[in-house]
Amino acid sequence: MIQISFILNGKKVKLETDENRRLIDILREDFSLTGTKEGCSIGECGACTIIMNKLAVNSCLVLAGQLIDSEILTIEGVSENGKLNVLQENFLKYGAVQCGYCTPGMIMSIYALLLKNNNPADEEIKEAIAGNLCRCTGYKQIIDAARATADTDMITDLSQ
Amino acid sequence: MKNFKYIQPKSLSEVKKYFSDNHSVLYAGGTDVLGLVKKEVYNYENMIDLKSVPDLDKVEEVKGKGLKIGALVKISEIAESEIIKNKYTALSDAAQKVASPQIRNMATLGGNICQRPRCWYYRDDYACLRKDGDYCYAEEGENKYHAVIGGSPCFIVHPSDTAVALMALDAVFNIFDGNAEREVPISEFFVQPDEDVYLENILKPYEVLTSVFIPEQKNKVSRFIKFAERDVWDFAMASVAVKVEKNGNKITGGKIILGGVAPIPWYDEKINKGISGLTLDEKSIDEFSKLALQDAEPLSKNGYKITLARNLIKMILSEI
């Protein structure tokens, strides 16, 4: 067993767990944060994308021990008090959600991009979601939603 | 995945003591090791995470000499670095082509160089040569992604993009052996299967690649180009890194390294002999590219790699 403490969606958490558990297991099973989805389990599809220390990473490729002293943000952490953030609203508005399985990962990848670049070019948006597969192939709507979010002043809300 | 101990040594000198029984593995970003452990290609008892060892994640410019990149520097940091983009362009190009944005945010330079092969027989449940079996399943099997040169008796290709660029840039690796650090030129780092079929490089299990030094590339231009079936996540079917010095339209010296064609980043003798004096016009480049991989012995399904590598050489030289 390994003892780890880290920041999860703004709150300090502590956990004792088996060393061979992955971040996605810990999020879904120990913290009931089931917004993060498991797809391919090998870092190819991006469905499990979360933000670790301000960078988008695949939670299926992070071991428990790597969480020590890290800061994790999941899809549950981007909205506050049940109110969707502007990026989530734009996903709805632009029809960027079809079956929905890739959506949390897509949002986290775009969120990570907007954290460091609040005026990305379309090419930068495409690059940011290059590691996220959408089998409904709704990429255009997803890019539109990201573009619309970057264009609003409300983007400042994201980085707070 | 079987359980293991997760150990975070605080210094390099602590690392070796965890390797007395040989059931340990060094762990950096983990994007490769985790896959091997999950599929039980290896069952390690100890994961030795290097994160707490100080100074392995630094990039340091040594004035007038070159650039020192710590082994734990993330691939995304290399891909985004302006210094690397401007002065060591081939490495920047290669880093940008590694895997996906998410993986580049976890994966490290040291890990990218030391990652294990992607051969599906090796990764899957086959007792192949590299896993102490007595047969290379790729030689007569599904070998579309395998080596066309330098392969025998095991036909893996080296999966790293950054290693191909670093070889063109004449990088030097700093290696800690448990007591002291030594320098190894990249040209002496990788190991072909006919020398040792179990290893891809000279590192002993407890030896740590601590940093990569790239000598200053004064008056030199470098580039890297990669072809994969998918632009993201995929490994190279073939890649080319080139570094040249030019006088007008003529190359006066340089180096070309091929990736995705051999078990190590490949230095092709004929093409490297011919590069000095090459005039950069279409006809000369076309003739020149045919020098590459003349000694190749493709398997049943990977002959396309020879044409592909030659075409990549043409592309990269036309753009340089």
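Below, chains carry the letters A, B, ... as their sequence lines are ordered, and counting in each starts from 1. FYI, side chains are in, hydrogens and waters are out, and symmetry mates aren't considered; it's all heavy atoms of this structure.
With a threshold of 4.5 angstrom between heavy atoms, A/L133 approaches chain B through side-chain atoms but not through N, CA, C or O. In this structure, the portion of A/I2 lying under 4.5 Å from any heavy atom of chain B is its side chain and not its backbone. Looking at B/I103, both its backbone and its side chain come within 4.5 Å of chain A, counting heavy atoms on both sides. Using a 4.5 Å cut-off between heavy atoms, B/A28 touches chain A through its backbone atoms (N, CA, C, O) alone. The contact between B/K2 and chain A is made entirely by backbone atoms, counting heavy-atom distances below 4.5 Å. Only the side chain of A/M52 comes within contact range of chain B, with heavy atoms under 4.5 Å apart. For A/R21, no part lies under 4.5 angstrom from a heavy atom of chain B. Looking at A/I129, neither its backbone nor its side chain comes within 4.5 Å of chain B, counting heavy atoms on both sides. Interface remark: A/A128 contributes backbone atoms only to the contact with chain B (heavy atom separation under 4.5 Å).
Here B/D32 contributes atom CG and A/L61 contributes atom CG; the two are 10.0 Å apart, rounded to the nearest 0.5 Å. Note that CG of A/N53 is 7.5 Å distant from NZ of B/K74, once rounded to the nearest 0.5 Å. Here the CG-CE distance, from A/L63 to B/M1, works out to 6.0 Å after rounding to the nearest 0.5 Å. Rounding to the nearest 0.5 Å places CD of A/Q66 at 7.0 Å from NZ of B/K51.
With a 4.5 Å cut-off on side-chain heavy atoms, B/Y6 and A/D18 do not count as touching.
Salt-bridge annotation for B/K97 and A/E127: absent, with no side-chain N of the basic residue lying under 4.0 Å from a carboxylate O of the acidic one.
Closest approach of B/Q8 to A/I68, counting heavy atoms only: OE1-CD1, 3.3 Å. Closest non-hydrogen pair, B/S100 versus A/G131, comes out as CB-CA, 3.8 Å.
Around atom NZ of B/K58, more than 12 heavy atoms belonging to other residues, nucleotides or ligands sit under 6.0 Å away. With a 6.0 Å radius and a threshold of 12 heavy atoms from other residues, nucleotides or ligands, B/D125 has its CG atom at or below the threshold. More than 12 heavy atoms of other residues, nucleotides or ligands lie within 6.0 Å of CZ in A/F31, so this atom counts as buried by the packing criterion. Crowding of A/E80 atom CD: a count of heavy atoms from other residues, nucleotides or ligands under 6.0 Å not exceeding 12. Within a 6.0 Å radius of NZ in B/K85, more than 12 heavy atoms belonging to other residues, nucleotides or ligands are found.
Between the side chain of B/W233 and the main chain of A/C45, no donor-acceptor pair closer than 3.5 Å is present. Looking at B/N3, its side chain does come within 3.5 Å of a backbone N or O of A/N20 through a donor-acceptor pair. Under the 3.5 Å distance criterion, the side-chain polar atoms of B/K38 are matched with a main-chain donor or acceptor of A/S41.
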Determine, step by step, whether A/N58 and B/M106 satisfy the side-chain contact (heavy atoms from CB on, under 4.5 Å) criterion, reporting the C-alpha distance in whole Å, the side-chain angles of both residues, the deciding distance to 0.1 Å, and the verdict. CA-CA 9 Å; A/N58 303 117; B/M106 286 302 285; over 6 Å; no
